[in-house]
Amino acid sequence: MRLSALCRLSRGAAAPLAGRKGTAPLQAGSPATRRGTASTWGRWEKQQAGGGGSCSARGSAAGEIIQSSKKVLASLQKGHPTFMPTLAIVQASDEDLVQEINQNFAKEIGLHVIHICLPQGSSEDEIVGEILRLNEDPTVHGIALHLSENAYSTKILNAVKPEKDVDGVSDVNLGRLVRGDTYNCSVSPTASAVMELLEKIVKTIDGKKVLLVGTCGPLEASLQCLLQRKGAMTMSCQWKTQQLQSKLHQADVVVVGSTKPKEIPVSWIRPGTTIVSCYPDFLSGEHGYGQDLKYSNQSAVEAVGPLAIAVRMQNMVKTSERWIRSQQYREWNLHCLKLQPLSPVPSDIEISRGQSPKAVDVLAKEIGLLADEIEIYGQTKAKVRLSLLERLKDHPDGKYVLVAGITPTPLGEGKSTVTIGLVQALTAHLNVNSFACLRQPSQGPTFGVKGGAAGGGYAQVIPMEEFNLHLTGDIHAITAANNLLAAAIDARILHESTQSDKALYNRLVPVVNSVREFSSIQLARLKRLGINKTDPGTLTADEISKFVRLDIDPSTITWQRVLDTNDRFLRKITVGQANTEKGFFRQAQFDIAVASEIMAILALTTSLADMKERLGKMVVANDKNGQPVTAEDLGVTGALAVLMKDAIKPTLMQTLEGTPVFVHAGPFANIAHGNSSVLADKIALKLVGEGGFVVTEAGFGADIGMEKFFNIKCRASGLVPSVVVLVATVRALKMHGGGPNVTAGAPLKKEYTEENLQLVADGCCNLQKQIQIAQLFGVPVVVALNVFKTDSHAEVDLVCEIAKQSGAFDAVPCNHWSAGGRGAVELAQAVRKAASQENSFKYLYNLELPIIEKIRIIAQKVYGAEDIELSPEAQSQISRYSKQGFGNLPICMAKTHLSLSHQPERKGVPTGFILPISDVRASIGAGFIYPLVGTMSTMPGLPTRPCFYDIDLDPDTEQVKGLF
């Protein structure tokens, strides 16, 4: 594209577009920008100073508009001191007559103007491309066009975003003008200037015959509309119209939109006719027929000239006002989707497919997102940009609700289903703003045993197949970033082992185009090494050696490759067996992608800058002196951030009832913290506003997921939870009470399908313990009892009664799986009441405590252990991390989720056990230490009959079958 600018006018050093490649800022009034405008500006200044007659009136009108606009802008900036409205003028012609007036008027008001000159003769596509770029530039608030007369095509005019169209040329703005919606549109400055002049000269327009000659397009349409609204009778024609003489003779007012041909005699115009010219010739005085008309026919001749430019600047100020209003919090206008639950309840995918979701851009608008804050993926998913947090930074947050559960059993408790049912009840049935924030499921379990994680029954995220498969590619981005770092580790070991210091240095800092220089990440490494030099040629041999050698100890590498598939045969592998790797092989392994530390970082980060810093801090190994080696040392931080730049944005979806959901991040709940992202929660809290609710879910039971949510996630976010919803089921409690084991796929034994109050009562000890754990943090608890058709009323009542006696704020039976949000209304009401209670949230331990003491507190107060026992390896690691300065990090216990103890078979509330700590590892980038309790697998395997046997694709309809 030929977009190299001929010139650019820019006021102030902070011009957003200044310095663009191939352009140079020019000062207003420099010789390159004054072609023909100096005399014009000088004449207009004299007119303003009191040149007399109607010219003085015209100058006075423009001056009044400038002063009025200046006051309005000053008032706006008083409330928004950092706001600088910017007008971009796109020029693709050799006409510079009005540019200095634009610049001076803007300067007087306090507007920032950038002038972009494209080559004369630029194509339509080139002009449109520049306009589209300015449309997407958030620092540009208004766009005006200065093109050759024949370049104003419909495509170009409508390329300008209506909200940035200060000249009112787009069809949207013209349509609003015609409908009378002048509050939300920009009106053509030239047309407005014509009306301003006529009202001063003609006094009353009502009943006057106004002829528009040589006008066309948006100007003609605007004038017709404005004049007719004032009661004028309008006619429109071109200079070559056959009845032109007759029409000119009949007109009381003639508005001229283009140069009068010489063959048209001025005598055709009736004496006393008021003539207003919209054509630039009247501004420059290049043609003298205006004077001829004035003196030979005693007609009043006016040119809109600077008045139109003043109105343009007024439009720019009004556009700025609308922009500021658009940035403010918007009340929700959510249209929920109707549910018609069936009995028996169909399969999850049948229910999902039976509901037609709203287009995601419609949903985004309903909840107050701006058009430039979303990036649409298909019809039902969109990424939400982090800029929203800056826009709504002063808006109060809503209430923060965590859904946790009792100790999990193979029977399932339904936390995701409760999360979705609760927000459907709050918003679709109680008319309260609410947002669900969920983890993105790994495809490993989706094709393995567990299936998807979109909820179930009539409480789901839809479309469930899109939720469970790929989503917007975040896990793939994590996989790519993780494996790039893994490749960098092995490659660095190989290259350091086979090259001299000099050879390494020459390759790491090569000469490019006769210039040798360090990259920014290499300069940062030099600084960490205490080498304060920037010239590669000045390093000593010792400094070069320190710089080029990481000396990674292969036996200490903790960074593994990842894959988002359950594959047991990758649990232990050998890498480097090809001849090209020169015998440098080692044992390694694959983890599942969601076990990557990068996933944990994504879930805990608070900004793009914070994520980049965390990625750089990731410790991947130790060197041969026992010092940590980081991603930053390997020089890969920037590349990892590039791979993750889109993944950091939460994905917007919806529930079956059309309420909003964020799906973002999905870290393991054992070696990581098992919660969705901090950013999704923060954005959602701003969007629901004061009085709204954000409901998020913690993985596994409250002893693991909830504890980590409070001690790790809430520390990272600074957010304070309002309520804990603790999920339980009668049949899961029966298992904790001593019920028989359950085999996947086998029919349930009668203990689970028939009333057994004793089993329920015995199993409630686990529910009581989880309530007590929540109370350690000072947060009120509401128990949500997921009801199944086999549950008796007596069993349900018994659980609710025991829960309330054990300190729960309330305990509520829920039927959202079969009834949607309507089945969770009672739960929603209880949550609202609990959220209004006084909150005394506190962390379980002080970060300054020694690592061992923090582990002991969790083991004793949360799990109920008598004490802990550290292996020699664990003790050694704790000592190493403490010496390396990582002792003040929170603890993320990696323990079985199937029991409060370390023994999965021990249900209920085990006591008197010693918790064994076999090893201790660190996720320094994510920001926690994770002790291993026993053996912890980070790569699941496939069972004999995985879920994929039932998953299929219809080649005709492209519909997915068999997901659950």
Side-chain angles (χ1 to χ4, degrees), residues 401-409 411-415 417-419 421-422 425 695 697-698 700-707 709-710 721-739 752 755-788 790-817 823-840 861-862 864 900 907-909:
V401 179
L402 175 69
V403 175
I406 61 171
T407 302
T409 69
L411 293 164
E413 289 65 56
K415 296 191 302 294
T417 308
V418 167
T419 301
L422 176 54
V695 184
E697 176 193 344
F700 296 155
D703 57 305
I704 296 181
M706 182 186 72
E707 181 270 315
F709 175 87
F710 290 146
S722 308
V723 182
V724 168
V725 174
L726 194 60
V727 181
T729 64
V730 166
R731 55 190 194 177
L733 290 171
K734 285 180 177 179
M735 177 170 276
H736 282 294
Y752 297 110
E755 184 178 282
N756 191 324
L757 295 176
Q758 187 60 51
L759 266 185
V760 172
D762 292 344
C764 278
C765 63
N766 188 272
L767 175 62
Q768 292 172 302
K769 174 63 175 175
Q770 303 290 8
I771 293 171
Q772 291 167 11
I773 294 170
Q775 290 173 333
L776 290 173
F777 297 91
V779 182
V781 179
V782 174
V783 171
L785 185 65
N786 262 334
V787 176
F788 288 79
T790 55
D791 300 343
S792 72
H793 290 297
E795 289 174 328
V796 170
D797 291 344
L798 177 62
V799 174
C800 292
E801 184 60 31
I802 290 174
K804 284 186 272 192
Q805 289 175 357
S806 303
F809 175 84
D810 204 348
V812 181
C814 304
N815 296 285
H816 46 270
W817 183 82
V825 167
E826 190 179 350
L827 173 63
Q829 292 169 334
V831 167
R832 291 184 73 186
K833 290 177 183 176
S836 65
Q837 303 298 302
E838 186 175 343
N839 191 318
S840 55
K861 292 190 175 182
V862 177
L900 284 161
K907 304 301 180 186
V909 182

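Just so it is clear, the structure is predicted and the values come from calculations on it, not from any experiment.
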Can you tell me how far CG of Leu726 sits from CD1 of Ile771, rounded to the nearest 0.5 angstrom? 6.0 Å
Set of side-chain contact (heavy atoms from CB on, under 4.5 Å) partners for Ala425, sequence neighbours left out: Ala824, Val825, Ala828
Partner set under side-chain contact (heavy atoms from CB on, under 4.5 Å) for Thr417, not counting sequence neighbours: Ala459, His816, Trp817
Roughly how far, to the nearest 0.5 Å, is the CG atom of Leu827 from the CG atom of Leu422? 5.0 Å
Under the rule for salt bridge (Lys or Arg N to Asp or Glu O under 4.0 Å), what residues qualify as partners of Glu707, not counting sequence neighbours? none
Determine all donor-acceptor pairs shorter than 3.5 Å in which one atom belongs to a side chain in residues 806-814; sequence neighbours excluded.
from: Ser806; atom 1: OG; to: Gln768; atom 2: NE2; distance (Å): 3.0
from: Ser806; atom 1: OG; to: Ile802; atom 2: O; distance (Å): 2.7

Going by side chain to side chain donor-acceptor pair (under 3.5 Å), name the residues that satisfy it together with Lys769, two or more places apart in sequence or in a different chain. none
So, using ring pair (Phe, Tyr, Trp, His ring centres under 6.0 Å) as the criterion, who are the partners of Phe777 when residues are at least two apart? Phe710
Under the rule for side-chain contact (heavy atoms from CB on, under 4.5 Å), what residues qualify as partners of Ala728, not counting sequence neighbours? Ile406, Leu733, Leu767, Leu785
If the condition is side chain to side chain donor-acceptor pair (under 3.5 Å), which residues does Thr409 pass it with, not counting sequence neighbours? Glu413
Would you name the heavy atoms of Asn786 and Gly414 that are closest together and state the gap between them? ND2-O, 3.5 Å
Enter the distance from Asn766:CG to Thr407:OG1 here, rounded to the nearest 0.5 Å. 3.5 Å
As a test of understanding, state which of Val782, Val724, Val725, Val723 forms a side-chain contact (heavy atoms from CB on, under 4.5 Å) with Val403. Val725
Set of residues satisfying side chain to side chain donor-acceptor pair (under 3.5 Å) with respect to Asp762, sequence neighbours excluded: Gln758
For residues 829-836, run the donor-acceptor check on the side chains, cut-off 3.5 Å, and write out each pair with its distance to 0.1 Å, sequence neighbours left out.
from: Ser836; atom 1: OG; to: Lys833; atom 2: O; distance (Å): 2.5

Taking only residues two or more places apart in sequence or in another chain, which ones pass side chain to side chain donor-acceptor pair (under 3.5 Å) with Glu801? Gln805
For the atom pair OH (Tyr752) and CG (Asp791), what is the distance rounded to the nearest 0.5 Å? 13.0 Å
Any chance you could measure Leu759, atom CG, to His736, atom NE2, to the nearest 0.5 Å? 12.5 Å
Is there a side-chain contact between Cys800 and Val783 (heavy atoms, below 4.5 Å)? no
Evaluate side chain to side chain contact (heavy atoms under 4.5 Å, CB included) for Phe788 paired with Val730, printing each intermediate quantity in order. CA-CA 8 Å; Phe788 288 79; Val730 166; over 6 Å; no
With sequence neighbours left out, which residue pairs that include part of residues 728-739 fulfil the salt bridge (charged side-chain N to carboxylate O under 4.0 Å, His left out) condition? Lys734-Glu795
